[in-house]
Amino acid sequence: QLQKLAERHRTMREAGYAMLRSPRANVAVSFGRHGGGHGNPDMLGIITFASGKLFGIDPGSINYGAPLHFEWYRSTIAHNTVCVDQSLQSSDDGEFLGWSSDGEETLLRAEAQVYPGVRFRRELRLRGAALADRFSCESSSERLYDWAFHSYGELTTSVRLESRSE
C-alpha cells in the first residue's frame, strides 16, 4: 500500500539531491556531489513519481562485476539527463541555484559543467501533478546533445520522427 506523498520540498545538499513535492507528485533531481567511485554520470538527472506510479525511472544498480554495470548502468544515456557527444559526463559537481514558490507552483533551478565548454541548466516547475522541465545546454561550438527520459509505456508524439543516418 502506498503512503501519502510528502508535501514539503527538500534540499539535501550534502547528498546532492533536491525533492520537489506536491500532494500529487514527487520529483527528485541530482545536482550536487558526484559520489566518487560509487557515483553515476547523471548530473541534473531526475526521477518522477505521480498518481501512484514511477514515471521517470532510474536504472538503479547491479553487481559491480556484471558486464552491464559499466556498459549501461554507469553510462550517462541510461539516466534522465543530457549526454553530450555520446560521451560520459565528468565527475565534476553541480550547483543548486535555489527555489521559488508562490504556494501553487514551485520552481527549482540547478546547473552543472560536466563536459568541457558546456554549461547545463535545468529548471523544473511543479504544479499539482504537472511538471514543466526546461533543460538548457550552452556551448561555444556545435555539439551533439541527446536528452534522455526513460519511462514505462509507449512513446506517442505529434512530431514526425525520422531515423538519422550516421
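The first residue of the sequence shown is numbered 1, and numbering continues consecutively from there.
Residue Leu20 comes nearest to Leu124 through the heavy atom pair CD2-O, 3.9 Å, listed as atom of the first residue, atom of the second, then distance. Residues Ser22 and Ala129 come closest through the heavy atom pair OG-N, 4.4 Å. Closest non-hydrogen pair, Gly94 versus Ala112, comes out as CA-CB, 3.9 Å. In terms of heavy atoms, Pro41 sits closest to Arg74 at CG-O, 3.2 Å. For the pair Asp58 and Ile47, the tightest heavy-atom approach, listed with the atom from each and the gap, is CB-CD1, 3.6 Å. Nearest heavy atoms, Pro59 versus Ala78: CD-O, 3.3 Å.
Counted within 6.0 Å of CZ on Arg143, heavy atoms from surrounding residues, nucleotides or ligands total more than 12; the atom is thus considered enclosed.
No donor-acceptor contact under 3.5 angstrom links the side chains of Ser139 and Tyr115, judged on distance only.
Distance check, rounded to the nearest 0.5 Å: CZ of Phe149 to CZ of Phe135 gives 13.0 Å. The distance from the CD atom of Glu95 to the CZ atom of Arg109 is 10.0 Å, given to the nearest 0.5 Å. Atom CD of Gln113 is separated from atom CD of Glu138 by 9.5 Å, given to the nearest 0.5 angstrom. A distance of 10.5 Å separates CG of Asn26 from CG of Leu54, quoted to the nearest 0.5 Å. In this structure, the separation between OG1 on Thr11 and CG on Leu108 is 7.0 Å, given to the nearest 0.5 Å. The structure places OG of Ser100 at 6.5 Å from CZ of Arg125, a figure rounded to the nearest 0.5 Å.
With sequence neighbours excluded, no residue forms a ring pair (Phe, Tyr, Trp, His ring centres under 6.0 Å) with Tyr17. Under the rule for a ring pair (Phe, Tyr, Trp, His ring centres under 6.0 Å), the partners of Phe96 that lie at least two apart in sequence or sit in another chain are Phe31, Trp99.
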- Query: Can you list the steps and then say if Trp147 with Asp133 is a side-chain contact (heavy atoms from CB on, under 4.5 Å)?
  - Reply: CA-CA 12 Å; Trp147 176 76; Asp133 180 6; 4.0 Å; yes

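With Asp85 contributing its side chain and Leu144 its backbone, the two residues share a donor-acceptor pair below 3.5 Å. Within the 3.5 Å criterion, the main-chain N or O of Gln89 finds a donor-acceptor partner in the side chain of Thr76. When atom types are taken as modelled, the side chain of Asn80 and the backbone of Ile57 share a donor-acceptor pair closer than 3.5 angstrom. No donor-acceptor pair under 3.5 Å is formed between the side chain of Thr81 and the backbone N or O of Asp42. Of the possible donor and acceptor atoms, none in the side chain of Ser51 sits under 3.5 Å from a partner among the backbone N and O of Lys53. Not one N or O on the side chain of His79 forms a donor-acceptor pair closer than 3.5 Å with the backbone of Leu44. Without hydrogens or angle criteria, Thr48 side chain to Val27 main chain gives no donor-acceptor distance under 3.5 Å. Here the side chain of Ser151 pairs a donor or acceptor atom with the backbone of Phe55 at under 3.5 angstrom.
Looking at Met19 and Met12, their side chains come closer than 4.5 Å, going by heavy atoms from C-beta outward. In this structure the side chain of Glu111 reaches within 4.5 angstrom of the side chain of Leu97, judged on heavy atoms.
Electrostatic pairing of Arg121 and Glu123 does not count as a salt bridge here, judged by no charged N lying under 4.0 Å from a carboxylate O.
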